[in-house]
Amino acid sequence: MESTTEPMEHRTVPTAPTPVSTVPTEQPTPIEYIRSPRAETYLTQDGTREWIPYCVEDKKPREGMGFKTLEKAIEFYKEYAVICGFDVRSATVYKNSKGIIQKYYLCSREGILESEGNYDEKGKRRRKRNSKRVGCKARIIWNLINEDGEYKVTKFFEPHNHCLASPTSMPYLRSSRKMTMVHKNFVNNNTRMNIGPTKSFRLFKENVGSYDNVGATMKDFMNFHRDLKEHIKGDDAKMLIENFIRKRDVFNGFYFDYALDEHDHVSHLFWADATSRKNYSLFGEMISFDCTYDSNTYSMVLAPFTGVDHHKSCITFGVGLLSKEDAQSFEWLFRTFLNAMGNCEPRYLITDQDPAMKVAINEVFVNTRHRLCLWHIMKKVPEKVGPELKQDEDFLKLLNECVWDMEQESEEFEATWNSLMVQYNLVENGWFQHMFSIREHWIPCYFRDLRLGGILRTTSRSESENSFFNNFTNPHVTLVEFYMRFESAMDAQRHKQDKLNTESIHSVPQFITPLPLEKHAAEVYTRKMFYMFQDEVYKACFRCGISSIRMEENIEIAQVMDHSRQKTSKVTFNSGNLMTSCSCKLFERLGILCKHAICVLNARQVTKIPEYYILDRWTKEATKRLIFDMHGNFLEECRKMNTTTKMLGEVWSEIFNCVGLAEGNEENLQQFLDNLRDFSKNLVEKGKCVPMTKTQEMELFVGPSASSNLNIQNPIPSKNKGKRHRIVGEKEAAIEQSQKPKRKCKACGAYDYHDSRNCPNKTTT
């Protein structure tokens, strides 16, 4: 600790008088002293140096001083220690039937730490530790003086045998450091955004201007974060389930379920709030499902159900946590998901080629079309062909054109596929044979007739959502912490949707044609969908034309030529009810009219999009519908802010606003600070600020401690495929190898990716 004593010229005093009211009569008469800004330093007759701190009289304890309670006496001495620049600690206490009759408080540097040697009893080197103990004798003793609980100072030894803290050292004293609710709330809120205590400390410093103004150290921030985890640790799963039960009691639309193994450890978990369930009823025609790893300390896989909302943004319908990735676990999760959604199955579900998922999907979903991720399949192609063919860009280009084309008929695909297999000698390739046999599960042209079957062709939506959730989680969070972070992630997702809703309703896009159809689309569609429709309008006007029209039973059949692709599409149009159909089937695939249909409607001077072709899921009013579950519960926002939380946000907003208004004027800042201090003092004096225990503080941040009779144990750490060392393909291994720097081999002298231990030119003896 840095000394506050400034070196001054020593002067010998023949008979130094004892300073009045600063040196107790018990201490030796000093023969030499030095004055400093904070302390008076003495060299006693036995040659030791002592420091007596300077302090105003009304802040200094003295023998005989009385206090109404022991707590007030301790607080007074702590305040004195802060002023003088030293730490204190509690020591001996004597009790009887009446309670505490005598209490000691010492300087924190009292005592001597005995040396334990450099090695322990097992011969292991000890960690180097610093000690602050120097045998300081400064102390205070209080004694109980009556039955009313009053105490008085019976002993006060003022001198210290060490220097006191300087102004630069004061922030590091324990008495000067205090993790207030502001600090704790800041750390807790940052953890929701996956910001740890170290970065939180630095951010707090930027908010208050300097490290001296923080009021705590980085270690204090880390200790509080550790205490939060420790509070959760033993009852993690039980606390989360009890939290779910309380939430369901308040919000009837909240749904959750869990499963335990034979030893009562949580193995499966699923939840979906009212908003997620409502979103499924509105946008649940298609689901992308995939798992992600490293989201919690138990290595349970995170399995979100992801869809597409009316802005073509990702939206979460529910989320599961699984200890295993086997067919039984996925079957439980899918059945629970259907129960939460009123047993309403999606039109189709897209996943990767996980065999356990396939078994579970076939077992649970009856009317759902299972689709495989096209991207994952095409990624395997280079590994399934020979080394020469995987370098053939023409082959890869032709194959991609064959499988990705959404406008071709199934017969066209099969003819093109067979031609490629023959051309490149892949007819006998087992993998290509298998993929062709299951072509109806992954080739886009087989989903042309399925409504909105063209929205999802890959699990990229799930990949995007998994990446999104990984921004909020890490492999070290507990289940309670994970749920808190998941809630923050949902807030961010829904905030984005609200922002897009506002932009769609309260803004006008730029038009590129004078067509009434384009203006009508801007009135009904969200902004994202309008721009998709606008693109079709542009192509209809400038790239398409009607080459011929014929009538069949009052139905017009037009041949529309797309000049950019030199391809003709057949459009049928009923002038009576404005029903329109096109052979490209864009409306069936994506839910909006195609350029060919728009070309015909425009030629027939239709000014508005026929109502049949305006899907509610793409409109601005898509989320305005009232939705109820099977039990009659109104599915609406279940995270409405309570009055206290809302008021707290308003208080912080006003404080920051006042600081912004006053920061340019020192007088206004001082007045604002004085008002806050007066208000704080008033609250303390009126007893309105009841201090909370440590447990109460923890419960304020992470929820009440587990208290029910539920026999629920924490999950057993899993060993799923995402945590095991997987087999790396040749291509991936080559890429990883190329990213490593070359080094010189001492055996052969060449710069390569080997060394003397695995040198290929090394000879064995």
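Side-chain atoms are counted along with the backbone in the values below, which use heavy atoms only and exclude waters and symmetry mates.
- Checking E621, K620, H311 one by one against N501, the side chain to side chain donor-acceptor pair (under 3.5 Å) holds for a single residue, H311.
- With a 4.5 Å cut-off on side-chain heavy atoms, R617 and M529 do not count as touching.
- Between the side chains of H268 and D257, not a single donor N or O lies within less than 3.5 Å of an accepting N or O.
- Closest approach of P715 and M300 over heavy atoms only: CG-SD, 3.6 Å.
- Under a cutoff of 6.0 Å and an axis angle of 45°, R439 and F436 form a cation-pi pair.
- No side-chain donor from either of S488 and D491 sits under 3.5 Å from a side-chain acceptor of the other.
- The side-chain hydrogen bond (donor to acceptor under 3.5 Å, both in side chains) search around N711 returns D264, Q713, not counting sequence neighbours.
- Looking at K499 and E503, a side-chain N of the basic residue comes within less than 4.0 Å of a carboxylate O on the acidic one, giving a salt bridge.
- Put simply, the side chain of M484 reaches to within 4.5 Å of the side chain of N188, judged on heavy atoms.
- The shortest side-chain heavy-atom distance between F701 and V187 does not fall under the 4.5 Å cut-off.
- Counting heavy atoms from C-beta on, the side chains of D309 and N279 never come closer than 4.5 Å.
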Item to complete: Determine, step by step, whether S313 and Q497 satisfy the side-chain hydrogen bond (donor to acceptor under 3.5 Å, both in side chains) criterion, reporting the C-alpha distance in whole Å, the side-chain angles of both residues, the deciding distance to 0.1 Å, and the verdict.
Response: CA-CA 8 Å; S313 298; Q497 187 186 85; over 6 Å; no

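- Side-chain atoms of L500 and R527, non-hydrogen and from C-beta on, never get closer than 4.5 Å to each other.
- Judged as a side chain to side chain donor-acceptor pair (under 3.5 Å), the pairs with a partner in residues 474-486 (not counting sequence neighbours) are, in order, N194-N474, N194-R485, K229-E481, K247-Y483, T478-E481, Y483-E487.
- Checked against a 6.0 Å centroid threshold, the rings of F289 and F334 count as neighbours.
- Remark: side-chain polar atoms of S267 are paired, donor with acceptor, to backbone N or O of A259 under 3.5 angstrom.
- The heavy-atom pair separating F482 from V477 by the smallest distance is CB-CG2, 4.1 Å.
- Counting only N and O atoms by type, the side chains of N470 and S467 include no donor and acceptor under 3.5 Å apart.
- Environment of CD in E650: crowded, with over 12 heavy atoms of neighbouring residues, nucleotides or ligands closer than 6.0 Å.
- S462 and D290 share no side-chain donor-acceptor pair at under 3.5 Å.
- Closest approach of R246 and P704 over heavy atoms only: NH2-CD, 3.3 Å.
- In this model, a donor atom of one side chain and an acceptor atom of the other lie less than 3.5 Å apart for D236 and Y298.
- Remark: F244 CZ is packed, more than 12 non-hydrogen atoms of other residues, nucleotides or ligands lying under 6.0 Å away.
- In this structure, SG in C445 is found 9.5 Å from CD in E440, a value given to the nearest 0.5 Å.
- Under 3.5 Å, the side chains of Y525 and Q534 contain no donor-acceptor pair of N or O atoms.
- A pairwise comparison of heavy atoms in D354 and A356 identifies OD1-N, 2.9 Å as the closest pair.
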Worksheet entry | Test log, rule ring-ring contact (aromatic ring centres under 6.0 Å, His included), inputs F486 and F472 | CA-CA 7 Å; F486 175 80; F472 293 83; 9.5 Å; no

Worksheet item: Given the rule in the side chain to side chain contact (heavy atoms under 4.5 Å, CB included) test, do E242 and I712 qualify, once you have shown the distances and angles that lead to the verdict?
Response: CA-CA 10 Å; E242 290 183 356; I712 299 176; over 6 Å; no

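- Contact of the T623 side chain with the F283 side chain is registered, since non-hydrogen atoms from C-beta on lie closer than 4.5 Å.
- Distance CZ/F254 to OG/S276: 9.0 Å, rounded to 0.5 Å.
- Listed by chain and residue number, nothing satisfies the side-chain hydrogen bond (donor to acceptor under 3.5 Å, both in side chains) test with H441 (two or more places apart in sequence, or in another chain).
- In this structure, CG in L372 is found 12.0 Å from OG1 in T458, a value given to the nearest 0.5 Å.
- Electrostatic pairing of R335 and E331 counts as a salt bridge here, judged by a charged N lying under 4.0 Å from a carboxylate O.
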Discussion item. Applying side-chain hydrogen bond (donor to acceptor under 3.5 Å, both in side chains) to N339 and T336, what does each step give before you reach the verdict?
Written reply: CA-CA 5 Å; N339 289 336; T336 305; 5.3 Å; no

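- No side-chain heavy atom of D405 sits under 4.5 Å from any side-chain heavy atom of F413.
- Residues R494 and D273 are paired through a salt bridge, judged by an N-O separation under 4.0 Å between the basic side chain and the carboxylate.
- Side chain of N714 to backbone of K233: a donor-acceptor contact under 3.5 angstrom is found.
- Residues R457 and R371 form a side-chain contact, since some pair of their non-hydrogen atoms from C-beta on lies under 4.5 Å apart.
- Heavy atoms of other residues, nucleotides or ligands lying less than 6.0 angstrom from NZ of K519 number more than 12.
- Close placement of the F317 and Y280 rings is indicated, their centers lying within 6.0 Å of each other.
- For the atom pair SG (C344) and CZ (R277), the distance works out to 12.0 Å, reported to the nearest 0.5 Å.
- Rounding to the nearest 0.5 Å gives a distance of 9.5 Å between CD1 of I455 and CZ of R589.
- In this model, no donor atom of one side chain and acceptor atom of the other lie less than 3.5 Å apart for H310 and D616.
- Counting heavy atoms of neighbouring residues, nucleotides and ligands inside a 6.0 Å radius, atom OH of Y531 exceeds 12 of them.
- Here the NZ-NZ distance, from K384 to K379, works out to 13.0 Å after rounding to the nearest 0.5 Å.
- Test W332, F256, F305 against F337 for ring pair (Phe, Tyr, Trp, His ring centres under 6.0 Å) and you get one pass: F305.
- Side chain of E345 to backbone of T368: a donor-acceptor contact under 3.5 angstrom is found.
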